[in-house]
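Quick notes on the structure that follows.
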Amino acid sequence: MNLVAQVIVDVPTMQTNRPYDYSVPGQLQPVIQEGMRIVVPFGRGSRSVQGFVVGLKAKSEHPEKLKSILEIMDLEPVLNKELIELGQAMSNETYSFLITCYQSMLPAALRASYEKFIVPSPELNKELAVSIFEGRGEISWKEAEERELFSELKKLKNKGLVKVRYEVSDHRTYQTIRMVKSLLSYEEAQKESENLRTTAKKQKLLLLTLQKMKEESWSSKQLNQEYGLNNRDIKVGEEKGWLEIEEVRKYRNPYEDMDLETTTALDLSEEQQSAYRAIVSSIVKNEDQTYLLKGITGSGKTEVYMQVIDEALKEGKTAVVLVPEISLTPQMVTQFKGRFGQRVAVMHSGLSDGERYDEWQRLVSKEADVVVGARSSIFAPVENLGVIIIDEEHEGSYKQNENPRYHARNVAKWRGNYHQCPVVLGSATPSLESRARASKDVYQLLEMNQRPTGQDLPGVEVVNLRDEARQGNYSSFSNILLEKIRDRLEKKEQIVLMLNRRGYSSFIMCRDCGFVLQCPNCDIAQTLHMDSKSMKCHYCGHEENIPNHCPQCRSSSIRYYGTGTQKVEEELKTVIEDAKIVRMDRDTTRRKGAHEKLLDRFGRGEADILLGTQMIAKGLDFPNVTLVGVLNADTSLNLPDFRSSEKTFQLLTQVSGRAGRGDKSGEVLVQTYNPEHYAIQLAQRQDYDSFYKYEMQFRHKGNYPPYYFTLRISVSHEVEREAYLKVYEISQFLKPALNSTSTMLGPTPSAIARTQNKYHYQIIIKYKNKSQLHDKVHELMQKNQKESLKGLQITIDSEPNTFM
DNA sequence: AGCACGCCGACT
DNA sequence: GTCGGCGTGCTC
């Protein structure tokens, strides 16, 4: 019988972005399945590469070209039919290679690594064999490189005197435990025991234990710890034929030793119940409805999620929960583990490759049927999905900013459609895209506006830093904030201070009147470019000099704006001497586990003030915190980004939720140079609906999402002119695909015009009609096949997070 | 990606 | 004359 496998090979180029046919040798025919990883010979040199079987068929259209599969890397497929199909859809949507899509769906431990060796042929003469191989059977490619043997080896290879051997492997590792099983009946053990010398106490104990075990297998660890039998004792038992030792694969479980308090379902409030009922009805009816669950901070979204998941499990289905990486705290994990126990697989970046792989394997083996994890968990290998939940759906981190540039929300919807199951998007501050879809009834809106605990939302006060400046206070702390900090310290209550680092010193602002230099054409802040010593708008390419005086009030206090946490900490220490401060930023949390440690310290009350960047805005729940201060609300406001207001509003709303989580009421203080900006005003009033309406007008006026689709194409090259020429050529190529409902911005230099000695240029396209441009972009990819050889890097990003 | 084929310059 | 430079094209 002939069997042909269609294989996607691990060669990420445009030219090889399609299935290749391979014949399946007889002995592999009974085992090979779609979705397995295999090793195939590829290219002229038939080097070994990893591939994915995406189809099997009886014969090929070009039988004369067929090579044979070398090896199968898996016992069971790593991709099921659904994921194979999803990869194809994703590749098409995100303009990325099939192989890149498949790789990103799997744990890193399954990614191939390649090694090359040089092997002598029998015809190679003795002398050379000795001088090159030194008596060994082969040498590694790396060694040959180091010993500078390349040109010699190349000649020998052309003459067929040495060969190259390719090795393909992955990083899979297993942990095993030793299981002990008795081979003796109760009576036999009794007999053996009687024959022992009286001094053989351990042997006697061993036999006694074996009698207790009966038919079961016990781990050697258990015998060690509970019965005081060491491995030597067990070994002797094995030699005497009393018992059998078996190595069994064990899944590494990072949460194995966690103290789990089992939690039970809480009573739901009326609002929670109606949300719950709506979602559950879709699970039961197999409906691929998307829900937007808009619930204020503290409204009990997580409890709704968990009860919905419980219902899905009762229906015999599985569930996927996505949470932003930074929210995936031990508290969060405990909540889910406490409710669903070992049925939960947790995936986050803190795990080692091996641990991740084991969690993944627990899903494949159906030992776990609930996944809680960050973005890439959307590819969890679960079958029969009952519900997909995306918490904090507005988070930008759900979009991957390297290839494949997918958005987890879109993947979720694709899977929801495939499984005919609901998708729940949860947020206190939904993205405009999602909220707009809810208005158009594409999504069903579920609202929760009350806290079941009856706590009030904290009051938010805005402090105008311009007034402070006028009074000569140029420090990071307004007088009123200092006053409040002192007050809390006295009351032994805690304080959270956030320094907004988004957009750090990339724009300039007048300290006297709050004026920010805008682009005359684009209604957006211009970016300071220190490399060219000028202000630039990268939407349209407008450029002007850095002003010395504020164009509005003629003040000379116009300068770029921004501070670091370290500086703020020092400043704080000089005004409040005895405060204990925990600083959290990228520097102090770089080490693994440092994040948790710092938060633990603060949680135990070992510090009074938690000072940090955005990373402290999410999910923290400290009952003793009664004051939250935002030191600089406007930095994120002035980014040259159409989402800057939205991001600022979300951040302020989120951080406000950190105050008053316990029985004491909380207070929030927001310092800003732009107190009248709508994002700040509406965040102060915690008025999402008004913000939504206002922001939608802005988006409508500027033809931004959600009214338009967006596409960003960027080109980079070491030689600026090369990058520019290419991006210009691309813009000319795409222009015919534009119509009256689409516009192209640029080509312009990117916000950071040069990184790693490469110049970046970009085009942004805003469009209404998806298919027309889509086809043209695919054509562009085909056309640009060989550009990367010339050192040109072209990136295509559909629905980019920012235009920078 | 990586390898072979192929067509031009400076060497034993 | 040839060794080797890297531009071009193809990989089941």
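In the text below, chain A, chain B and the rest are named by the order of the sequence lines, each starting its count at 1. Computed from a predicted structure; not experimentally measured.
In this structure, NE2 of A/H62 is placed 9 Å from P of C/dT11, rounded to the nearest angstrom. With rounding to whole Å, A/D10 atom CG is found 13 Å from B/dG2 atom C1'. Summarising the geometry, the separation between OH on A/Y114 and C1' on B/dA1 is reported as 10 Å, rounded to the nearest angstrom. As a whole-Å value, the separation of A/N403 CG from B/dA1 P is 13 Å. Taking atom CG on A/L66 and atom C1' on C/dT11, their separation rounds to 13 Å, with Å as the unit. For the pair A/R47 CZ and B/dG2 P, the computed distance is 6 Å after rounding to whole Å. Between the CE atom of A/M14 and the P atom of C/dT8 there is a distance of 20 Å, rounded to whole Å. Whole-Å rounding puts the A/F42 CZ to C/dC12 P distance at 6 Å.
Note on A/Y166: a side-chain N or O is less than 4.0 Å away from OP1 or OP2 of B/dC3. Contact annotation: A/Y22 side-chain N/O to C/dC12 OP1/OP2 distance is under 4.0 Å.
By the 6.0 Å and 45° rule, A/K768 does not stack over the aromatic ring of A/F709. Both the sub-6.0 Å distance and the 45° axial angle are not jointly satisfied by A/K726 relative to the ring of A/Y761. A cation-pi arrangement, defined by a distance under 6.0 Å to the six-membered ring centre and an angle within 45 degrees of its axis, is absent between A/K399 and A/Y406.
Closest to the A/R44 side chain, of the nucleotides C/dC12, B/dA1, C/dC10, is C/dC10.
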Discussion item. Using side-chain contact (heavy atoms from CB on, under 4.5 Å), reason through A/S798 and A/Y95 one step at a time and then give a plain yes or no.
Written reply: CA-CA 8 Å; A/S798 173; A/Y95 310 102; 4.0 Å; yes

